[in-house]
Amino acid sequence: MKLDSLLTNLEYRCVQGTTDREVSDIVYDSRKVSAGDIFVCISGAVSDGHDFAAETAGKGAVVIVAQKPVNVPSDVTVIEVADSRIALAELSAAYFGHPAKELKTIGITGTKGKTTATYMVRSILEASGIKTGLIGTIETIIGDEHIASANTTPESYIVQKYFRKMADAGCKCVVMEVSSQGLMLNRTGGFTFDYGIFTNLEPDHIGPAEHKDLADYIHCKSLLFRHCRHGIFNADDSHLEEILNGHTCEVETYGFSENADIRASSVHLLGKGGTLGVAYHMSGLIDMDVEIDIPGKFSVYNSMTAISICRHFGVADEIILSSLSQVRIKGRVELIDVSPKFTLIIDYAHNAMSLKSLLETLKEYNPKRLVCLFGCGGNRSRDRRFEMGEVSSKLADLTIVTSDNPRNEEPQAIINDIVTGVKKAGGKYITITGRPEAIRYAIENAEEGDVIVLAGKGHEDYQEIKGKKYHMDERELVADVIKDGNFIK
């Protein structure tokens, strides 16, 4: 492939060598460079690709793309750009033949709800005969292929690679989670989304390695709506006007607000045989009654998000309703069938905000007891431990404190920190260090009418201890307890 053909949509200056040369691939990790490659120098949080430019030339890279001066042999072409990440996105899109032009692209951003909404959208579109790919926190789905995710929004090269695979596999659409980090780092550059969706916003991902403050977090979220054709927004979110600032897309809204284009009303909770759900009515641009087997008001928002998107694809109401009644998202308020006498839920809630939202939602169903089992990750903020302990202690009738991913810390030290928060609120608690033993205790001591939450691990199927990941899937742990049968029938 000719370098010239990849540079078409890129603003650049050739400061050394020629652009009339053959190249084999685009690489942004210096360790993976091969002969004939383009190496794009990315300035990361840990290392700077510019420092490895000469090394990659020695490995056979024939083109260096950089935003700072580099010293490489004269036979290597050097392309100077204002932003290497934008360059990577544009080069990648061209390298894979601009696959986004062959797909309807849907990007969903927000603090919460992205994962659930993407799975709902894919379920509905697939049921209507529209083959749809998915990119998100848990995995990437291309037809029957499931690829585990390292980032919510992968690097732009990977995004374009997946788009190409989807288009070649016959996909007509792709729905993806778009993180604030992904937007900040131009991982979704090189194409324009057909649909951009905003779910909600609360303070999150603020710190030295992420966003410097709330304003930066909001700004990065808003960038999606300068790079999409049609925007769909949660009308009820207090940050909506800030998200709309600078938008260039058509605007459509959903929510409970009377001013929303699509409105929810008549919400009522459903509870039957160990299953919790919610029903409501939609009016405005859509008129239909909706019922889903996922609990809580946030499930109304998530399903409204999906329906608001899928109406643009002409999906029949009955297909939407049938798909929503069947959709299950691993680790996102995931109901596990154990007994009709009590409810068991696995959820990814791993900070105080998400845990509070989940527990408040479940309390609305008036369980006999709300039991919350969780731990906290090692090598992370201790404040999170105190906060989560206090939240669970306030809202749950019983808190079971156990291990999560202790990483390089001692599990008991993490548990002690959580208990400090638990004691602050004065709720009933027990500590069981081993997570399998804690889960067994929760199930074997369940009472009729209980709602039990296994929080923090969600879709993860491992436990990280001292630098190693050991297989541990909570669904398997629950199945082991069920097999033994020592719990309420």
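Computed from a predicted model, the values in this text were never measured in an experiment. Positions are given from 1 along the sequence.
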Visitor: State, with a plain yes or no, whether a side-chain heavy atom of Leu214 is found less than 4.5 Å away from one of Leu201.
Guide: yes
Visitor: Is it the case that the side chain of Ser149 and the backbone of Glu139 share a donor-acceptor pair, with hydrogens and angles ignored and the cut-off at 3.5 Å?
Guide: yes
Visitor: Under the salt bridge (charged side-chain N to carboxylate O under 4.0 Å, His left out) criterion, do Asp48 and Lys68 qualify, and how do the steps go?
Guide: CA-CA 11 Å; Asp48 188 341; Lys68 296 188 290 190; 2.4 Å; yes
Visitor: Between Pro99 and Met166, is there a side-chain heavy-atom distance shorter than 4.5 Å?
Guide: no
Visitor: Roughly how far, to the nearest 0.5 Å, is the OG atom of Ser308 from the CD1 atom of Ile232?
Guide: 6.0 Å
Visitor: Evaluate the side-chain proximity of Tyr348 to His459: yes if any heavy-atom separation is below 4.5 Å, no if none is.
Guide: yes
Visitor: Under the salt bridge (charged side-chain N to carboxylate O under 4.0 Å, His left out) rule, what do Glu55 and Arg31 come out as? Steps first, then yes or no, please.
Guide: CA-CA 9 Å; Glu55 178 185 319; Arg31 296 166 297 183; over 6 Å; no
Visitor: Donor-acceptor pair, Thr153 side chain versus Ser179 backbone, under 3.5 Å?
Guide: yes
Visitor: Is Asn405 reaching over with its side chain to a backbone N or O of Arg407, donor-acceptor style, under 3.5 angstrom?
Guide: no
Visitor: Quick check against the 3.5 Å criterion: does Ser92 have a side-chain atom that pairs as donor or acceptor with the backbone of Ala89?
Guide: no
Visitor: Yes or no on side chain to side chain donor-acceptor pair (under 3.5 Å) for Asn245 and Glu241, after CA distance, side-chain angles and deciding distance?
Guide: CA-CA 6 Å; Asn245 185 36; Glu241 289 305 314; over 6 Å; no
Visitor: Nearest 0.5 Å, what's the CD1-CE distance between Ile108 and Met176?
Guide: 10.5 Å
Visitor: Can you name the closest pair of heavy atoms from Ala446 and Ile452 and give their distance?
Guide: CB-CD1, 3.8 Å
Visitor: State the CG-OG distance between Leu125 and Ser323, to the nearest 0.5 angstrom.
Guide: 8.5 Å
Visitor: Hey, does the side chain of Lys59 reach the backbone of Ser30 with a donor-acceptor pair shorter than 3.5 angstrom?
Guide: yes
Visitor: I'd like to know if Asp83 pairs up with Arg85 as an ion pair, taking the criterion as any Lys NZ or Arg NE/NH1/NH2 lying under 4.0 Å from an Asp or Glu carboxylate oxygen.
Guide: no
Visitor: Could you check whether any side-chain heavy atom of Phe342 comes within less than 4.5 Å of a side-chain heavy atom of Glu448, counting everything from C-beta outward?
Guide: no
Visitor: Would you find more than 12 non-hydrogen atoms of other residues, nucleotides or ligands less than 6.0 Å from Lys468 atom NZ?
Guide: no
Visitor: Does the side chain of Arg328 come within less than 4.5 Å of Asp293's, by heavy atoms?
Guide: yes
Visitor: Distance check, rounded to the nearest 0.5 Å: Thr248 atom OG1 versus Arg229 atom CZ?
Guide: 10.5 Å
Visitor: Ignoring hydrogens and geometry, is there a side-chain-to-backbone donor-acceptor pair from Gln463 to Asp404 under 3.5 Å?
Guide: yes
Visitor: Under 3.5 Å, is there a donor on one side chain and an acceptor on the other for Thr109 and Lys221?
Guide: yes
Visitor: Yes or no on side chain to side chain contact (heavy atoms under 4.5 Å, CB included) for Met472 and Leu477, after CA distance, side-chain angles and deciding distance?
Guide: CA-CA 8 Å; Met472 188 187 76; Leu477 298 178; 3.8 Å; yes
Visitor: So is Lys457 actually on top of Tyr462's ring, under 6.0 Å and inside 45° of the axis?
Guide: yes
Visitor: If you take all heavy atoms of Arg435 and Ser403, which pair is closest and at what distance?
Guide: NH1-O, 2.7 Å
Visitor: Assess whether atom CG of Asn416 is packed by more than 12 heavy atoms of other residues, nucleotides or ligands within 6.0 Å.
Guide: yes
Visitor: Indicate the atoms forming the closest heavy-atom contact of Ile415 with Thr402, along with that distance.
Guide: CG1-O, 3.8 Å
Visitor: Does a side-chain heavy-atom distance below 4.5 Å link Thr199 with Thr111?
Guide: no
Visitor: Grab the two heavy atoms, one from Gly377 and one from Ile414, that are nearest each other, plus how far apart they are.
Guide: C-CD1, 4.3 Å
Visitor: Any Lys/Arg nitrogen of Glu360 or Lys356 sitting under 4.0 Å from an Asp/Glu carboxylate oxygen of the other?
Guide: yes
Visitor: Any donor-acceptor pair under 3.5 Å linking the side chain of Arg263 with the backbone of Phe256?
Guide: no
Visitor: If we count only N and O atoms by modelled type, under 3.5 Å, do the side chains of Ser222 and Glu242 hold a donor and an acceptor together?
Guide: no
Visitor: Is a donor from one side chain sitting under 3.5 angstrom from an acceptor on the other, for Glu476 and His471?
Guide: yes
Visitor: Specify the closest pair of heavy atoms between Ser392 and Thr399, including all atoms of both residues, with the distance to one decimal.
Guide: OG-OG1, 2.7 Å
Visitor: Considering residues at least two apart in sequence or located in another chain, which fulfil the side chain to side chain contact (heavy atoms under 4.5 Å, CB included) criterion with Ala100?
Guide: Thr105, Phe163, Phe191
Visitor: Roughly how far, to the nearest 0.5 Å, is CD of Glu334 from CG of Leu344?
Guide: 9.5 Å
Visitor: Tell me whether Glu410 at atom CD has more than 12 heavy atoms from other residues, nucleotides or ligands lying less than 6.0 Å away.
Guide: no
Visitor: Between Ser354 and Asn351, is any side-chain donor less than 3.5 angstrom from a side-chain acceptor?
Guide: yes
Visitor: Do Tyr301 and Asn200 come within less than 4.5 Å of each other through their side chains, counting heavy atoms only?
Guide: no
Visitor: Measure up the Phe233 and Phe225 rings against each other and bin them: parallel (under 30°), tilted (30 to 60°), perpendicular (over 60°).
Guide: tilted
Visitor: Does Val175 offer a backbone N or O that forms a donor-acceptor pair with the side chain of Thr118 under 3.5 Å?
Guide: no
Visitor: With side chain to side chain contact (heavy atoms under 4.5 Å, CB included) as the test, would you mind laying out the steps for Cys249 and Tyr195 before giving the verdict?
Guide: CA-CA 9 Å; Cys249 59; Tyr195 299 93; over 6 Å; no
Visitor: So, Arg187 side chain and Ser156 main chain: donor-acceptor pair closer than 3.5 Å or not?
Guide: no
Visitor: Is a side-chain donor-acceptor pair under 3.5 Å present for Tyr157 with Asp25?
Guide: yes
Visitor: Check this for me, if you would: do Glu464 and Lys469 make a salt bridge, where the nitrogen-to-carboxylate-oxygen distance has to be below 4.0 angstrom?
Guide: no
Visitor: Quick one, Arg440 with Asp484, criterion salt bridge (charged side-chain N to carboxylate O under 4.0 Å, His left out). Give me CA distance, side-chain angles, the key distance, then yes/no.
Guide: CA-CA 10 Å; Arg440 178 173 291 275; Asp484 294 343; 2.9 Å; yes
Visitor: Give the C-alpha distance, both sets of side-chain angles, the deciding distance and a yes or no for side chain to side chain contact (heavy atoms under 4.5 Å, CB included) between Val371 and Asp397.
Guide: CA-CA 6 Å; Val371 179; Asp397 297 292; 5.9 Å; no
Visitor: Between Glu390 and Lys424, does a salt bridge (charged side-chain N to carboxylate O under 4.0 Å, His left out) hold up when you go through it step by step?
Guide: CA-CA 6 Å; Glu390 186 174 359; Lys424 187 174 179 180; 3.8 Å; yes
Visitor: Mark yes or no for whether His247, through its side chain, and Leu244, through its backbone, hold a donor-acceptor pair below 3.5 Å.
Guide: yes
Visitor: Only one of Thr132, Val327, Leu324, Ile329 passes side chain to side chain contact (heavy atoms under 4.5 Å, CB included) with Ser123; say which it is.
Guide: Val327
Visitor: Per the salt bridge (charged side-chain N to carboxylate O under 4.0 Å, His left out) rule, which among Arg382, Arg380, Lys423, Arg384 passes with Asp417?
Guide: Arg382
Visitor: Are any non-hydrogen side-chain atoms of Tyr429 and Ser393 less than 4.5 angstrom apart?
Guide: no
Visitor: Quick check: closest heavy atoms across Val65 and Ala87, and the distance to 0.1 Å?
Guide: CG1-CB, 3.9 Å
